[in-house]
K.L.:
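Have a look at the structure that comes next, please.
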Protein chains: 2
Amino acid sequence: MPPNVRRTTLADIAQRAGVSVATVSKVVNGRGDVAPQTRARVQELLHQHDYLAPVFRHTEALESPTIEVQFQGDLKSYVAKALEGIIDSAAEAGASVVISKASRAPHWARDLVSAGRRALIAVTSVYTAAHLKELARVGLPLVVLDPLHLPDSQVNSVGATNFSGGLAATRHLLSLGHRRVAYLGGPAMAVCNQARMHGYRAAMEAEGAPVPDAYIRPGEFTYETGLLGAAALLELEEPPTAIFTGNDEIALGVIETARARGLRVPEDLSVVGFDDTDLAQMASPPLTTVRQPLREMGGAALRTALRLANGDKVESHHIELATELVVRASTAPPGEEASARK
Amino acid sequence: MPPNVRRTTLADIAQRAGVSVATVSKVVNGRGDVAPQTRARVQELLHQHDYLAPVFRHTEALESPTIEVQFQGDLKSYVAKALEGIIDSAAEAGASVVISKASRAPHWARDLVSAGRRALIAVTSVYTAAHLKELARVGLPLVVLDPLHLPDSQVNSVGATNFSGGLAATRHLLSLGHRRVAYLGGPAMAVCNQARMHGYRAAMEAEGAPVPDAYIRPGEFTYETGLLGAAALLELEEPPTAIFTGNDEIALGVIETARARGLRVPEDLSVVGFDDTDLAQMASPPLTTVRQPLREMGGAALRTALRLANGDKVESHHIELATELVVRASTAPPGEEASARK
DNA sequence: CTGAAAGCGCTTACAG
DNA sequence: CTGAAAGCGCTTACAG
């Protein structure tokens, strides 16, 4: 708020509403003794004129807005990476970052506003229509990072080019000479997983490589899925010689299953991950993977959140940053033994 | 603050100081036209009576204090784990967690107070006497998680039993039949590293196993250190058959160096990590490591911070939680070849 | 249900 | 350098 613009006061609202200051004060403080129509009219005006109660005036300090970042479940590597980007961009912008687990307690959205949060960034969280309505009601802007649902024009979101990532990963394997490539992915419902899978499928079809149903396995974005899924794939009549996975954790599970069965990666089995978290760089062998620019995505989400908090419009409700194939040591041409293996 | 206790007002202070409310107001707002002695006397009284300017009154809401957590460098796995513990305990206590990178901009400590932070948790950060003085000056309590320096009675800190962790890890390797065990650690200056190393040394000496100087290598707590340090160790005249590392990241570097040289873990080389981050569970082979209860440590740090924020005394300025050996698949008895290897 | 009036905590222009 | 006085934004007990 520019210094020369006066804050809206109760008197301003009272005058416009044609009531006394006392009545407006009662509405603001939620007292019971106000006629419903009067209350409605006053509330409307308060909202129109951005009235802010004194207790919350500190949130006005635009130099230091506070953004809440919520995640679900564990604070995994890729959440941490995105968070780094959020924190760095916030520091640049002079904003503060509050981090919490998504909670859906009764007045969660209103509580966030009361606590002075100016916007909410949800990292891969599930949001229902009811949540969005609640946010809209209290006027808290939302940015979803790596959305699980299809980009909806109601919701601002930041993602990555998952389809081209899947395409690039699979082409890389095909160009090495693999034909029997499987996709071991995350939840079938998640759009990011669907996009990666369709990228895989597109690359396979373009090459005329067959994709038996058993070569596409959904699961969770977890190590467990990698461990079990790889075992199932390797026991197929025609086991794949390469596995493209939905994320790095799954890939590590695949590597471990291969190792436990005496298969060498990449000589006997090639593995490609997705995300390029710390896990990928530190895997043994270091993992070929599709890099999601998680830091940059976090930064973009933070800047979008600040704009929305400021009441500015945003050019596009969905931004997608480019993925990039990072070739390390977990991929190689298919070996003789591998191709010949049962 | 109990609801029946009235807030200190400017009038209270004015009366005690024997000046007018106007003068007190000027002192609070840092106006120039006040006599130095008057200013000093009033400031003293303001401080004594915990006067809080209206703009900062929101920090008074004891139900929801805000704690700042600062880390340095990257948001690594073990910081993320500690952060999970901090976030969960904060949610239980109804507190908020602001996360940022440690910055030493001018007035950093005062800025934290102005922003309403009630305490600071520093995760493995370097704190100099000057920093501590600055914090003391503005009255902001500090809790250091996994301190790099020796526990100082001036500083509240939460750590883990690093010495017994080092002891347990090394005994485990000795009990498997290893004699040539090396320690590849972190910074020689870090107390946590020293304690782990001395635990190692104690176990080796108790067993009468020789510890050549070359078997103790300091480094950084990084994958790189593991990569390079393992290469150096394996090229010794008498290479170790087992390596105990300062943390999981180093251990992953060691595993990769072993793999790249065609050595199998654990058949040809046993490796033990420290921390038990996600990295350890997802390594290939899964890593035997010393678990630091990072979540619990984070929780303890948060609760200590809240107590200090509340003005309560804390029983002990340093708490140490127990480490625990987690045996997975990266350790085994020394193989024939390994013992005989040049 | 409404609002005039008293009052609270604070700030500031200005007289001394 | 000090403070009486006017004033601001808000709340609340109470009369109607």
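Computed from a predicted structure; not experimentally measured. Throughout, a chain's letter reflects where its sequence line sits, starting with A, and its residues are numbered from 1.
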K.L.:
In whole angstrom, what separates K26(B)'s NZ from dT11(C)'s P?
P.N.:
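Roughly 12 Å, once rounded to whole Å.
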
K.L.:
If I take atom CD in residue Q15(A) and atom P in nucleotide dG9(D), what distance separates them, rounded to the nearest angstrom?
P.N.:
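Result: 13 Å.
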
K.L.:
Walk me through it: do D278(A) and K76(B) pass the test salt bridge (Lys or Arg N to Asp or Glu O under 4.0 Å)?
P.N.:
CA-CA 8 Å; D278(A) 292 352; K76(B) 303 221 176 188; over 6 Å; no

K.L.:
So what does A22(A) touch, heavy atoms closer than 4.0 Å: a base, only the sugar-phosphate, or nothing?
P.N.:
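Counting heavy atoms under 4.0 Å across all strands, the contact made by A22(A) includes a base.
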
K.L.:
Heavy atoms under 4.0 Å, any strand shown: does V21(A) hit a base, just sugar-phosphate, or nothing?
P.N.:
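Base contact.
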
K.L.:
Working to the nearest 0.5 angstrom, can you tell me the gap between L112(A) CG and E68(A) CD?
P.N.:
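Spacing of CG (L112(A)) from CD (E68(A)) equals 5.0 Å.
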
K.L.:
Just the rounded figure in Å: distance from P of dG9(C) to CG of L46(B).
P.N.:
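Roughly 15 Å, once rounded to whole Å.
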
K.L.:
OP1 or OP2 of dC10(C) less than 4.0 angstrom from a side-chain nitrogen or oxygen of Y51(B), does that happen here?
P.N.:
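The answer is yes; a side-chain N or O of Y51(B) sits under 4.0 Å from OP1 or OP2.
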
K.L.:
From CD of Q37(B) over to C1' of dC1(D), roughly how many Å is that when rounded to an integer?
P.N.:
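One finds 11 Å between C1' of dC1(D) and CD of Q37(B), rounded.
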
K.L.:
What is the distance from CD1 of I13(A) to C1' of dG9(D), rounded to the nearest Å?
P.N.:
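Rounded to whole Å, this separation is 13 Å.
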
K.L.:
Taking atom types as modelled, is there a side-chain donor on R117(B) or S96(A) under 3.5 Å from an acceptor on the other?
P.N.:
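A donor-acceptor contact under 3.5 Å links the two side chains.
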
K.L.:
C1' atom, dG3(D) versus dG7(D): distance in rounded Å?
P.N.:
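Between the two C1' atoms, the distance is 16 Å.
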
K.L.:
Below the 4.0 Å mark, does dT2(D) have OP1 or OP2 next to a side-chain nitrogen or oxygen of T38(B)?
P.N.:
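So the side-chain polar atoms of T38(B) do come within 4.0 Å of the phosphate oxygens OP1 or OP2 of dT2(D), strictly under.
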
K.L.:
Among dG3(C), dT12(C), dT11(D), which is the nearest nucleotide to the side chain of T23(A)?
P.N.:
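Of dG3(C), dT12(C), dT11(D), dG3(C) is nearest to the side chain of T23(A).
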
K.L.:
For D33(B) and dG3(D), give me the distance from atom CG to atom C1', rounded to whole Å.
P.N.:
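Roughly 11 Å, once rounded to whole Å.
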
K.L.:
Just wondering, more than 12 heavy atoms not from R41(B) lying within 6.0 Å of its CZ?
P.N.:
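For R41(B), atom CZ is crowded (more than 12 foreign heavy atoms under 6.0 Å).
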
K.L.:
Give a yes or no on this: more than 12 heavy atoms of other residues, nucleotides or ligands lie within 6.0 Å of atom CD of Q15(B).
P.N.:
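It does not: Q15(B) CD has 12 such atoms or fewer within range.
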
K.L.:
Take atom CZ of R31(A) and atom C1' of dA13(D), then tell me their distance rounded to the nearest Å.
P.N.:
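About 11 Å, once rounded to whole Å.
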
K.L.:
From C-beta outward on N29(A), which listed nucleotide comes closest to its side chain: dT11(D), dC10(C), dC10(D)?
P.N.:
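The answer is dT11(D), which lies nearest to the side chain.
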
K.L.:
Paired with dG16(C) by Watson-Crick or G-U wobble geometry, both distances under 3.5 Å: which nucleotide is it?
P.N.:
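Answer to the pairing question: dC1(D), which forms a Watson-Crick or G-U pair with dG16(C).
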
K.L.:
Output the single nucleotide from dT2(D), dG3(D), dC10(C) whose closest atom is nearest the side chain of V19(B).
P.N.:
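Looking only at heavy atoms from C-beta outward on V19(B), the closest nucleotide is dG3(D).
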
K.L.:
Given dG9(C), dT2(C), dT12(C), which nucleotide is nearest the side-chain atoms of S25(B)?
P.N.:
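So the side chain of S25(B) is nearest to dT12(C).
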
K.L.:
Measure from the side chain of V34(A), starting at C-beta and using heavy atoms only, and say which of dT11(D), dT2(C), dG9(C) lies closest.
P.N.:
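It is dT2(C).
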
